[in-house]
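Everything below concerns the one structure shown next.
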Amino acid sequence: MAKLTAKPISLKTSILGLAFACCVAFWGQYASAQLNYNYLTFPQMPLCLLIPFLALVLLPNVLVRSVSKDAALTRSELLVIFAMGLIAAMVPDWGMVRYLISVITAPYYFASPENQWEAHFFAYLPDWTVIPNDKGQVSDFYAGLPSGAPVPWQDWVVPLFWWMSALGTLLFIGACLVVIFRKQWVEHERLRFPMGEVIVRLLETGGNTSGRWPALFSNRLFQVGFLASLSIMAWNIIGFWDVLPHIPLPGPVFNVVIDPSFPPIPIRIVPYVLCFAFFVNVEILFSVWFFQVLGILETGLLNRFGVISPAETIVPRGLVSIQFCGGLIMFALIGCWMARDHIRNVLRKSLGRKSDLRDENELFSYRTAVIGLFLGLVFMTAWLNAIGFSIPVALLFLFFLLVFYFGIARVLAEAGLINLDLPINAHAFTVGMVGSANLSGSTLTGLGLTNAFARNWRTFTMVGLSHVAWWRDYLGENRGRLFLLVCLAFVAGTAISTGYVVHSGYAEGADNLHINLRNTANLFFDLVVKWMKNATQITSLEVLFLAAGMAVSLVLAVGRFLFYWWPLNPIGFAIGASAPIRGLAFTLFVAWLVQVILLRIGGVGLYRKAQPLFLGILVGYVIGVLAAYIVDTLYFPDTPHIAEIF
């Protein structure tokens with residue numbers, strides 16, 4: 001077999017991609033901090049990426065293409081630029097910066113006799129993980145520097161260096177896992193990557209390639225969806241001045257209450273989520289809303305009988321959520337078991353033994369992935385030990401962390417649910433499984449510090465990197481050095497977003513920014529004190545529900561494997577504890593209902609014909625959010641219309 005080769009991505013594309021990545025990182029952080037548009041950074045496919053991509057890259061490229069097709073960027077070039085932007089978009093605000101800055105600035109500034117931080121964990125706090133406040137460095141960050149005073153950048157160098165060494169290693173571990181599992185997901189399991197599919201459809205140039213406009217933009221249904229969506233957004237933007245009634249799209253949450261014992265059923269339609277959900281498999285959509293309804297009924301019945309979970313610091317929302325988390329753990333483990341033959345072949349290839357497995361289509365070689373994974377885990381174990389973990393607890397924590405990260409990445413690869421977050425955090429789960437009374441003060445302090453990444457559902461969960469690897473097949477032969485470029489995008493995005501927050505904090509006072517560092521920090525470290533003061537450990541009842549959830553997930557997976565008519569996908573059960581999924585279950589139900597109607601009336605052909613309509617709605621909504629942001633910036637900077645937009 002001839003060896004496959006990949007040509008380096010062009011210098012022009014690399015420069016444009018890096019410039020775009022910097023733009024995404026800056027605007028995502030700026031809009032969140034200055035105008036409270038933090039939802040731009042919340043979804044798995046963040047609006048702080050899509051808005052500048054449409055406004056600064058795709059639409060201008062369409063105009064260039066209408067004049068000269070040779071001068072326009074190709075789809076592969078656009079995908080490279082978008083991929084670099086996606087990796088940079090993992091950094092601003094909810095992506096990473098909010099958690100990181102909260103952790104490294106909070107202890108010496110927010111400590112007080114009331115919260116008892118100093119008495120409980122200051123003795124275990126490594127100096128190199130936090131910013132000192134001996135000269136008022138953190139006080140000036142939250143209150144603002146006096147006029148003309150310099151920013152004390154030197155005090156941030158050591159903590160940021162060591163944190164970035166850990167966060168960069170986590171990102172590389174994720175990349176190694178993506179390389180190891182990509183072929184299994186894409187070629188063996190044939191996962192669809194619906195979220196990535198939407199982006200590919202937006203960039204498609206097929207169909208009437210002789211025309212001046214891309215085929216999608218010339219589609220009549222796309223135009224109808226675009227105009228309808230943009231018209232509603234324009235109407236609501238004019239309504240900012242209270243001259244027009246608000247059209248509830250997105251609408252406020254309307255709760256349906258069955259009984260006071262039962263959790264409310266939130267009714268809300270969010271166009272952004274709906275458009276992506278339309279590309280999700282109908283079986284998955286049905287399973288998601290089915291298990292949400294089942295979870296509400298189960299919770300209500302348990303409340304009626306007085307059966308509750310005492311360990312709210314482990315998994316919020318009680319026993320049913322613990323049951324769903326057991327499903328997520330089993331879902332991830334089953335994914336690894338299904339890939340066992342492929343993993344064995346990867347190991348053989350990495351050791352230089354004879355194998356038909358090829359790695360030319362991967363981000364880097366299998367040998368680099370296997371060795372990098374091992375060295376990365378060794379470094380993270382040593383790093384966790386340095387911040388206070390015992391070695392056994394560090395290994396257990398890393399196991400849970402990677403299981404949850406892997407599970408979320410696997411769900412997104414098949415389901416593409418853009419508002420999915422981590423239903424459970426590895427540090428809290430570790431405390432629950434071991435018991436806070438069985439952990440030393442230094443280990444509990446270290447677990448508190450890991451809030452900087454253990455809560456993160458976008459940056460380190462391999463979602464972005466797995467989609468970059470999936471898009472690589474669309475780049476043709478010009479795909480060399482893609483991993484290097486996305487690494488540069490992450491470094492640039494981190495420097496810009498973090499640097500902006502630090503500079504803005506000293507210039508304006510971090511308490512005056514809209515990224516809520518104070519409440520985030522208090523949440524993180526109050527939890528450490530709670531662990532130390534109260535013996536927190538999972539109870540036998542919670543273990544029963546956890547095991548039951550794992551068993552249910554196993555039954556769902558086996559049923560799906562054995563019976564072609566099996567209606568339930570284990571993904572619906574695995575993500576049942578996700579709060580955003582619960583809040584948007586009705587939107588997912590609507591997407592399912594529309595798909596079912598189309599499939600019943602006209603089959604797969606009609607469903608595919610309707611896809612441009614939802615792509616048009618998506619583009620119209622995204623452009624509308626940009627218009628709303630401009631109007632809020634110019635006319636309503638103190639009272640932005642967040643609820644009316646998101």
Side-chain angles (χ1 to χ4, degrees), residues 25-38 41 91-167 387 445 448-453 492-529 637-638:
F26 175 78
W27 185 64
Q29 193 61 64
Y30 177 86
S32 299
Q34 298 297 333
L35 213 64
N36 200 26
Y37 269 53
N38 50 60
T41 65
V91 178
D93 200 37
W94 283 114
M96 184 182 79
V97 168
R98 180 181 297 216
Y99 302 114
L100 176 62
I101 300 296
S102 296
V103 165
I104 67 177
T105 59
Y108 294 123
Y109 181 69
F110 293 117
S112 67
E114 290 75 19
N115 61 33
Q116 302 177 18
W117 290 4
E118 183 175 2
H120 281 89
F121 64 78
F122 270 25
Y124 310 112
L125 196 64
D127 292 337
W128 49 272
T129 60
V130 295
I131 309 294
N133 198 32
D134 55 324
K135 302 175 184 176
Q137 304 96 312
V138 184
S139 299
D140 289 338
F141 172 72
Y142 280 95
L145 279 169
S147 179
V151 175
W153 294 104
Q154 67 279 2
D155 294 308
W156 291 74
V157 172
V158 172
L160 284 178
F161 171 80
W162 287 111
W163 276 105
M164 290 308 165
S165 70
L167 300 182
I387 67 170
T445 303
L449 290 170
T450 61
N451 276 289
F453 56 84
T494 300
I496 289 172
S497 293
T498 307
Y500 174 78
V501 171
V502 175
H503 181 271
S504 297
Y506 284 111
E508 307 171 39
D511 276 336
N512 297 318
L513 303 177
H514 291 287
I515 52 179
N516 204 13
L517 297 177
R518 178 181 292 269
N519 289 345
T520 304
N522 285 324
L523 170 67
F524 290 172
F525 290 103
D526 283 345
L527 188 58
V528 177
V529 174
D638 297 325

Can you check ring pair (Phe, Tyr, Trp, His ring centres under 6.0 Å) on Trp156 and Phe141, steps first, answer last?
CA-CA 11 Å; Trp156 291 74; Phe141 172 72; 5.3 Å; yes

Specify the closest pair of heavy atoms between [X] and [Y], including all atoms of both residues, with the distance to one decimal.
X: Pro107; Y: Leu125; answer: CB-CD2, 3.6 Å
X: Gln34; Y: Glu508; answer: NE2-OE2, 3.0 Å
X: Pro159; Y: Ile131; answer: CG-CD1, 3.7 Å
X: Leu145; Y: Ala149; answer: CD1-O, 3.6 Å
X: Ser504; Y: Leu513; answer: CB-CD1, 4.1 Å

Any [X] side-chain heavy atom under 4.5 Å of [Y] side chain:
X: Leu167; Y: Thr494; result: no
X: Phe525; Y: Leu449; result: yes
X: Val91; Y: Val97; result: yes
X: Asn115; Y: Val529; result: no

Pairwise distance [atom1]([X]) to [atom2]([Y]) - rounded to 0.5 angstrom:
X: Tyr108; Y: Ser139; atom1: OH; atom2: OG; result: 13.5 Å
X: Asn451; Y: Phe453; atom1: CG; atom2: CZ; result: 9.5 Å
X: Trp163; Y: Ile101; atom1: CH2; atom2: CD1; result: 11.0 Å

Applying salt bridge (charged side-chain N to carboxylate O under 4.0 Å, His left out), can you list everything that pairs with Asp526, at least two apart in sequence or on another chain?
none

For a side-chain contact (heavy atoms from CB on, under 4.5 Å) check, start with the C-alpha distance between Ser102 and Tyr99, then their side-chain angles and the critical distance, and finish with the verdict.
CA-CA 5 Å; Ser102 296; Tyr99 302 114; 5.9 Å; no

Looking only at atom types and distance, does a side-chain atom of [X] sit under 3.5 Å from a main-chain N or O of [Y], one as donor and one as acceptor?
X: Thr41; Y: Asn38; value: yes
X: Gln29; Y: Pro92; value: no
X: Asn133; Y: Val138; value: yes

Does Met164 form a side-chain contact (heavy atoms from CB on, under 4.5 Å) with Leu100? I'd like the steps, not just the answer.
CA-CA 10 Å; Met164 290 308 165; Leu100 176 62; 3.4 Å; yes

For the residue pair Gln137 / Asp134, report whether a side-chain donor-acceptor contact shorter than 3.5 Å exists.
yes

More than 12 heavy atoms of other residues, nucleotides or ligands under 6.0 Å from OH of Tyr142: yes or no?
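More than 12 within 6.0 Å, yes.
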
Are more than 12 heavy atoms, taken from residues, nucleotides or ligands other than Glu118, located less than 6.0 Å from that residue's CD atom?
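No, because the 6.0 Å sphere around CD of Glu118 holds 12 heavy atoms or fewer from other groups.
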
Take Val501 and Ile515 through the side-chain contact (heavy atoms from CB on, under 4.5 Å) test and state the conclusion after the steps.
CA-CA 9 Å; Val501 171; Ile515 52 179; 4.0 Å; yes

Mind telling me whether Trp117 and Phe121 have parallel, tilted or perpendicular rings, with 30° and 60° as the class edges?
tilted

Return the orientation label for the His503 and Trp153 ring planes: parallel under 30°, perpendicular over 60°, tilted otherwise.
parallel

Please set out all donor-acceptor pairs under 3.5 angstrom arising from side-chain atoms of residues 516-524, sequence neighbours excluded.
from: Asn516; atom 1: OD1; to: Asn519; atom 2: ND2; distance (Å): 3.1
from: Arg518; atom 1: NE; to: Asp511; atom 2: OD1; distance (Å): 3.4
from: Arg518; atom 1: NH2; to: Asp511; atom 2: OD2; distance (Å): 2.6
from: Thr520; atom 1: OG1; to: Asn516; atom 2: O; distance (Å): 2.8
from: Asn522; atom 1: ND2; to: Arg518; atom 2: O; distance (Å): 3.2

Take Thr445 and Ile387 through the side-chain contact (heavy atoms from CB on, under 4.5 Å) test and state the conclusion after the steps.
CA-CA 8 Å; Thr445 303; Ile387 67 170; over 6 Å; no

In sequence, state the C-alpha distance, the side-chain angles, and the governing distance for Phe26 and Tyr500, and then conclude on ring pair (Phe, Tyr, Trp, His ring centres under 6.0 Å).
CA-CA 7 Å; Phe26 175 78; Tyr500 174 78; 5.5 Å; yes

Using side-chain hydrogen bond (donor to acceptor under 3.5 Å, both in side chains) as the criterion, list what pairs up with Tyr109, not counting sequence neighbours.
none

